[in-house]
Amino acid sequence: MKDKTCSFPLTRRGFNAGALASLTTLAASAQSINSGDEIPWYRRTFRWGQTNLNEKDPVRYDVGWWRRHWRRTHVQGLVINAGGIVSFYPSKFPLHYRAKFLADRDFYGEITRAAHDDGIAVLARMDSNRTTEDFYKQHPDWFAVDVDGNPYRAAERYITCVDSPYYEQYLQDVYREIIAWEKPEGFTDNSWSGLDRNSICYCKYSRESFRKATGKDLPRRKDWNDQTYREWVEWGYARRVEIWDLNNRTTKDAGGPDCLWLGMIGGDFVSQGRRLRDLKTLLERTEVVMLDDQSRSVSLGFQENAEMGKRLHGLLGWEKIIPESMATYQRSPVFRKAAASPEESRQWMYSGFAGGIQPWWHHVGAYQWDRRQFEIPISVYDWYAKNERYLVNRTPVAAVGVVYSQRNADFYGRDEAEERVAQPYYGVIQALIKARIPYLPVHADQVDENAKALSTLVLPNLATMTDEQIASVRRYAENGGNLVASGEIALYDKWGERRENSPLADLFGIRFQGQQYGSLGEAESWTGGDHSYLRLHPDVGQDVYGPLSGAEPAVSGDRHPILSGLEKTDIVAFGGLLQEVEPTEGSEVLLTLIPDFPAYPPETSWMRTERTQIPGLVLRDDGGSRRAYFAADLDRRFARDYLPDHGRLIANTIRWTAHNDVLLKVRGPGLIDCHLYRQQDRMILHLVNLSGAGAWRSPLQETIPVGPVQVSIQLPAGGSARAVELLVADQVQSVALNGRWASFELESLGSHEVAVLA
Ligand SMILES: [Zn+2]
């Protein structure tokens, strides 16, 4: 057994020996944030790396080469494979499967000692989800089984049950063994939460535990209308929280109070719901989030990473860190051994930094024939290390909050959470990004604590709302907050049962009529879908030319500001789902439905009903406090179809509701994702240039610079600014002050820029 004293000193000396000179300053500034004598490793380990070892690596790993790579990427933390699915040290447990090429070598220990000698923190990597067949044969009762008693399997491995002694005892012994063997700073686990909610385990431990908790037998099948299944989902969430706490108790017991068990999570609240991980409860009890979300999805784009960072920090706190595994290999389609396009990989990193995410390079396997992947992080980590003090410990600034809830995705979204919940949410986010309006994701349980800072809250199809959430939105409105909502707002209770009426309808000046038009599905295509429209009011062309005219409509000067940019049309495409509501007295209707009519053959493509009174958008202006309700699902449509009119209508509506007070003005060409922060007396603005990503399909292969870009930032009351430091262009410029607005111009914007206004 090795020396148990940790060679990674948890002292103010901290950073690795070869660190940049500027990092000394950083260490000093980070020090001042903490009141104690020592800053724990998890508050000062910002730059991460991971070589996800494979079974062949014990005979191929060149430790000298890797130590040089750690130095040249300035990493402060490493993830090193230890045990679980494959062990990389000679474990005393005979069933702990050893890497095929390990023999009796202490591979995990050797790399960990090398890292510690270089002053680098280590997280031991586990994957506790499955084992080989011989383990299953020894302890068949530790494994998850279906309703017929057959074990759940993934390829040739067997899935362990989270309720069994495998989690309660065996894994705890493995943590203790690893800590005694070569103590890491903590643990991370790629696959710690067992089966997802589509697979119920009927083993004796699960049966007993569910009965103890609820007095009931396990549900026979997945059925969202069955109260027992709903309770099983909640019980499953609670079990994952128990495991989180149990693992932390063991690692802290054996390794000291800072020996943290951190699991690993994904950032998307819909998929984490499927895996029974309650992000809010888990993030409230952890010091670090190890985020496994390695690249963009095609529909959400790079901007997803900044959104995710802000949304997760909202639950975790902004003083803590969220390193994110960032692939340097080709991700979609997956080629583990081929280098990613450097532009694609780096742009994902820059977008993450804009949301407060920390870098964590990731290679699969220690030996690579495509050596280009090693080069990808180098310039990024150089820049990050130099400017780190501006990229951590800051708070976001926005006037607009977009409210979401994992519960809404679970109990209302059910098996259609993508369409019902995620798309409306991301549609609003995308519209705000296009309009360059800074936003803050707000959990539906945290409206009260965010209310003061935000002038406007957007509730995109927040259908399932608890009584407490409804009360907090009413409080927000009563205190003068402005609101935008859409879809089936508050029409469902916490289990996803429909309420008779929406308890928030009166705020928006509407009454739900119970009927819907259209569908969730595709907009009109040649094979189906709805071919419907929305009419803008007042209906200008009608007044001037008469109902049958095809002539160019007139342009009216007196339309509502929400319709600006649409002067030359009386209609916009729709194709979506619309909730029928009746406006109450004092409400204004700006859009009405033109029902579905044939798109094909063209001879039949004429409006059967040109006008209805069915509202698509209802406004209220109660002497300063403004409300807007979208009966038409333009948010979902914008996420699905990306039609510019839909994005414009959403952004215009939010601007109007917010009295045009959105704290930032950015002018110039391109798709630019803007994120604003405050750090002590500084304002920090991230501008992420997504113009190339918008123009090309994935992977991004070239950055297209845009500019000049004019920026104006609203300073806090009493604030002032003389100069702006551009951290990417590496220059200082003067700023022009006009009242509370500080303005400057970027000549050109490459991949990204970070402007620090002091
Ligand atoms: Zn079980």
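In each ligand, atom 1 is the first atom listed, and ligand 1 is the first ligand listed.
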Working note: Asp217 + Arg211, criterion salt bridge (Lys or Arg N to Asp or Glu O under 4.0 Å); need CA distance, chi angles, decisive distance, verdict. CA-CA 6 Å; Asp217 286 334; Arg211 174 161 280 284; 2.7 Å; yes
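Side-chain contact of Asp163 with Ser206: a donor-acceptor pair under 3.5 Å is present, judged by distance alone.
In this structure, Lys204 does not pair ionically with Glu208, as no charged nitrogen and carboxylate oxygen lie closer than 4.0 Å.
Between Trp361 and His363, the distance separating the two ring centers is shorter than 6.0 angstrom.
When side chains are defined from C-beta on, Asp633 does not count as touching Asn461, because their heavy atoms never get closer than 4.5 Å. Using a 4.5 Å heavy-atom cutoff, the side chains of Leu462 and Gln469 are not in contact.
Sorted by chain and number, the protein atoms of type N, O or S within less than 2.8 Å of the Zn ion (ligand 1) are Cys161 SG, Cys201 SG, Cys203 SG, Ser206 OG.
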